[in-house]
Amino acid sequence: MKILVCISHVPDTTSKINFTDGDTQFDTNGVQFVINPNDEFGLTRAMWFKEKQGASVDVVNVGGPETEPTLRKALAIGADTAIRVNTPAVDGYQVAKELATVVKNGGYDLVIAGRESIDYNGGMVPGMLAGLIDANFVNTCIQLEVEGNNATAVREIDGGKETVATTLPLVIGGQKGLVEESDLRIPNMRGIMMARKKPLNVVEPTGAQAESKAVSFEKPAPKGAVKLVDSVDELIDLLHNEAKAI
Amino acid sequence: MSVLVYTESENGAFKKTAFEVASYAKAVAEMMGTTLTAVAINASDVTALSNYGVDKVLQVSNDTLNDFSGAAYAKAIAAAAKAENTEVVVLSQSADAKYLAPLLAVALEAGYASNVVALPESTAPFKVKRTAFTNKAFSLTEINTAVKIVGLGKNAFGLKETSGAATAETFDVSFDDADFGVKVQSVDRATDKVSIADAEIVVSAGRGMKGPENWGMIEDLAETLGAATACSKPVSDLGWRPHGEHVGQTGKPVASNLYIAIGISGAIQHLAGINASKVKVVINNDPEAPFFKAADYGIVGDAFEVVPELNDKLKTFMAENA
Ligand SMILES: Cc1cc2nc3c(=O)[nH]c(=O)nc-3n(C[C@H](O)[C@H](O)[C@H](O)COP(=O)(O)OP(=O)(O)OC[C@H]3O[C@@H](n4cnc5c(N)ncnc54)[C@H](O)[C@@H]3O)c2cc1C
Ligand SMILES: Nc1ncnc2c1ncn2[C@@H]1O[C@H](COP(=O)(O)O)[C@@H](O)[C@H]1O
C-alpha cells in the first residue's frame, strides 16, 4: 500500500496571533511552526501501517521553502520521502488541486490528511482532494483499518460515532483517535540523522488557481473585565437577568 | 439566480440549525434581491421552513439516503443548486455539513468559506467574515467563483422568524453505486445525552475535579440545565472522560450560548476552542487562574462546594421559571 500523508505547516498552538501590512499578512515574527496536530495523528497512524503492513509512507506539503524543517521532522518521525510543491498555499482549492496531481503521479492508494489545519481552519482540503480524484472520502476519522482493498473507518459525528466500510483509493480527514496522544513520536537522534539523508523532492506547481483569498484579518475585540461574584444566588440572578443565558 | 440553503433533518424532523441557516440565507437573498430555495433530504414535514423565509422547498425523498453519505448528499444538493441556477449555497457546520461541503464545492466548481460568522460584507465582490487561527482571529475572505458556498458557524446568526408560505416540490435525483462508496455499518449515538455541537449550554470540567469519580456533580449540573458535558484535554488523555468530550484547539469547538468551566485553568489551547461561546462562567479556587481573564462571570471557590450548591439552587430556579 502506498500512503501519502498531507502535512500542513502551522503556528505552534501557544503562538500569539498578530498581523502586519495593514492587517493583511500573518506576522510570523517569533512564531514556531509545527506539523499540524491533526496531521501528526495521521502520520503516526501511517507509521503503524508501515511497520505492521509494509506500507510505504510519503509526506507532502504545498508551500514555500520555509516549510522544509516541518517536512524534515516528518521524515525524522519515519516517513520515507518528502515532497514539497513549490508554491505558496493560497486557499484550500488551490492546495487540493496541486495535491491531486501529486496523488495521480505517485499512484497513492491512501491519502491521510487532517480534519482541519489549525491556522486556516478551512476543513476543505481533504474533501476537495477526494472530489477531484474521485476517491472515497471519510471525514473526522478517528479509527482506520485497511485489509487489501477494503477499509473500515470510524468517524466522529455530532453526539457519537459511526462505523463505515469503504474501499481504496481513499482520502481521510483525520484527527486524534487515529492514534492516542501517548503514541505520538518525538523524533530521536537516529531519526533526525536518517532524515538528513532521505529525499526531499521539490516539485514545481501546476499553477492551479485559487478560488478565494483572505483579504484582511482582525482580532476579536478585547473582553470586558470579568464580574466576580460571591454567591451562587448572585450568579443565577446575573445569568438570568443580565446575560439572559438561562 | 437564487440562494439555496441545505436544511438538515434527523429522523425526518428539521434540526434547529436548519432554521438558523435558513434565517441567514434569507437575509443573503434579500441583500441580493432574490428568492430563497431550501433543499431537504427525507424530511417529513417541510411547512416549518415557511417561518424562516424559505420561498420554495425541493424535497428529496429516497430510502437510499436514510444513512448519511457525503458523496450522495453532495450530489443531491449540487443537482438542486444547478436546477435553481443558484449563486450562493448556505449550509451549517454540523459534522455532516462539513463532510459534504468540500465535495459540493468540487461538484459546483464553487469557492467555499467555512466557519462564517456574519452576513456578507458585500455580495459583489462576495466577501464574508470567518474565523481563522482557531478563533484567535477573523479573516475577511473574498470568493471569486460564480457559485459561492457559505458554511455558517453555529449560533453566529440566530433565528429570524417571518410569516410566509413556502411551496414544496418533489425533486428527483438519480444515484449510482459510486455515490455510495462509503457505507454506514453502525451508528453509536448517545441518544439520552445532548451533544456538544447541538447544546445551548455546555458544562465543562478540568483536572481540578481530581478524578473521574467526581464527575457525578458535573453530570447532575448538566442535567439540570439540559446541557452537554465537556472536558479539558488532559482529562480525556487521562481517560477520565471520553475523547468526544475534549474541547479546545485540538478538540471540539464550542459555540454555545453559555459555557461553564469548572476547575479548568484556561490555557491558550483550551480558550481557542471556546472563544465562540457567548457567555462564559468560570469556577476555580485559584483567583490567578488565567481563565478569569476570558470569563464574563466568575466564582473564586472550591468546585466541590460551589457546584452542588449551584445545582440545588438552579433546580429551584428552573422549577420556578419553567
Ligand atoms: C499542542 C497542544 C494542544 C493542546 N490542545 C488543548 C485543547 O484542545 N484543549 C485543552 O483543554 N487543552 C489543550 N492543551 C493543554 C493545555 O495546554 C492545558 O494543559 C490544559 O488545558 C489544562 O487542563 P486543565 O485546565 O484541566 O488542568 P490544569 O491546568 O491542571 O488546571 C486545573 C485547574 O483546576 C483548578 N482547581 C484545582 N482544584 C480545584 C477545586 N477544588 N475547585 C476549583 N478549581 C480547582 C486549578 O486552580 C487549575 O486552574 C494542549 C496542549 C498542547 C501542547
Ligand atoms: N499547504 C498544504 N500542504 C499539504 N497539505 C495541506 C496543506 N494545507 C492543508 N493540508 C492538509 O489538509 C488538511 C486540512 O486543511 P484545511 O482544509 O486548510 O483545514 C490539513 O490537516 C492537511 O492534512
Side-chain angles (χ1 to χ4, degrees), chain A residues 11 13-14 17 19 37 91-93 118-124 126-128 130-132 136-140 142 152 156-167 176-177 181-182 211-220 223 226-229 232-233 235-236 238-240 243 245-246, chain B residues 70 94-95 98-99 102-103 105-107 111-115 127 131-134 136-145 181-190 195 197-198 225 237 243-244 249-250 257-258 268-269 275 279 292-300 306 309-310 313-314 317:
Chain A
T13 58
T14 56
I17 304 299
F19 302 99
D91 82 337
Y93 183 75
I118 63 166
D119 54 352
Y120 190 69
N121 304 131
M124 50 213 288
M128 286 181 168
L132 289 167
N136 287 317
F137 174 50
V138 177
N139 203 19
T140 53
I142 54 173
T152 310
E156 200 169 78
I157 56 176
D158 292 334
K161 52 194 181 181
E162 189 176 88
T163 305
V164 298
T166 186
T167 51
K176 182 166 109 175
E181 185 83 18
S182 52
E211 293 180 327
S212 63
K213 63 166 189 272
V215 187
S216 62
F217 297 95
E218 72 185 85
K219 297 219 279 178
K223 261 198 53 56
V226 58
K227 265 193 196 168
L228 289 181
V229 299
V232 160
D233 298 294
L235 179 66
I236 294 174
L238 284 168
L239 287 178
H240 182 60
I246 54 173
Chain B
S94 69
K98 282 187 168 178
Y99 190 146
L103 298 171
V106 171
Y112 167 42
S114 56
N115 303 316
K127 291 186 191 171
T131 60
F133 297 94
T134 321
K136 290 178 190 167
F138 297 106
S139 118
L140 185 65
T141 296
E142 180 176 331
I143 307 178
N144 45 42
T145 43
V182 180
K183 290 189 188 64
V184 177
Q185 307 285 291
S186 63
V187 181
D188 176 4
R189 208 189 295 263
S195 76
D198 293 333
L225 288 166
D237 288 344
H243 278 313
Q249 186 162 14
T250 54
N257 212 4
L258 174 61
I268 186 166
Q269 298 97 347
N275 264 343
V279 180
F292 283 117
K293 290 206 179 66
D296 299 286
Y297 303 101
I299 294 188
V300 178
V306 177
E309 186 192 343
L310 180 61
K313 295 206 161 139
L314 271 173
F317 170 86

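By convention in this document, chain letters (A, B, ...) are assigned in the order of the sequence lines, proteins followed by strands, and residues within each chain are numbered from 1.
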Taking every non-hydrogen pair under 4.5 Å, which of [options] racks up the most with chain A?
{"options": "B/V306, B/T250, B/I268, B/V300", "value": "B/I268"}
{"options": "B/L103, B/L225, B/L140", "value": "B/L140"}
{"options": "B/D198, B/V184, B/L258", "value": "B/V184"}
{"options": "B/V182, B/V187, B/N257, B/T131", "value": "B/V182"}
{"options": "B/N275, B/I143, B/D237", "value": "B/D237"}

Measure distances from [X] to the heavy atoms of chain A and classify the residue's part below 4.5 Å as side chain, backbone, both or neither.
{"X": "B/F292", "result": "both"}
{"X": "B/N115", "result": "side chain"}
{"X": "B/V279", "result": "side chain"}

Give a yes or no answer on whether the side chain of [X] reaches the backbone of [Y] with a donor-acceptor pair at less than 3.5 Å.
{"X": "A/T166", "Y": "B/G181", "value": "yes"}
{"X": "B/R189", "Y": "A/D158", "value": "yes"}
{"X": "A/S212", "Y": "B/G111", "value": "no"}
{"X": "B/D188", "Y": "A/G160", "value": "no"}

Considering all heavy atoms of both residues, which atom of [X] and which atom of [Y] are nearest to each other, and what is their separation?
{"X": "B/K98", "Y": "A/N139", "value": "O-ND2, 3.8 Å"}
{"X": "A/M128", "Y": "B/P102", "value": "N-CB, 3.5 Å"}
{"X": "B/Y297", "Y": "A/V226", "value": "C-CG2, 3.8 Å"}

What is the distance from atom [atom1] of [X] to atom [atom2] of [Y], rounded to the nearest 0.5 Å?
{"X": "A/K213", "Y": "B/S139", "atom1": "NZ", "atom2": "OG", "value": "12.0 Å"}
{"X": "A/K227", "Y": "B/I299", "atom1": "NZ", "atom2": "CD1", "value": "14.0 Å"}
{"X": "A/L239", "Y": "B/L314", "atom1": "CG", "atom2": "CG", "value": "8.0 Å"}
{"X": "A/T167", "Y": "B/K183", "atom1": "OG1", "atom2": "NZ", "value": "7.5 Å"}
{"X": "A/I118", "Y": "B/Q269", "atom1": "CD1", "atom2": "CD", "value": "9.0 Å"}

A/N121 and B/T134: side-chain donor and acceptor closer than 3.5 Å?
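A donor-acceptor contact under 3.5 Å links the two side chains.
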Find out whether B/K313 and A/D233 are in side-chain contact, i.e. whether some heavy atom of one side chain is under 4.5 Å from a heavy atom of the other.
yes
If you count every heavy atom of other residues, nucleotides or ligands that lies below 6.0 Å from B/K293 atom NZ, does the total exceed 12?
no
Quick check on A/E156 against chain B: is it the side chain, the backbone, both or neither that has a heavy atom closer than 4.5 Å?
both
Taking the six-membered ring where the residue is Trp, are the ring centres of A/Y93 and B/Y112 under 6.0 Å apart?
no
Should B/Q249 and A/T13 be marked as a side chain to side chain donor-acceptor pair (under 3.5 Å) after you check the CA-CA gap, both sets of side-chain angles, and the distance that decides it?
CA-CA 8 Å; B/Q249 186 162 14; A/T13 58; 4.5 Å; no
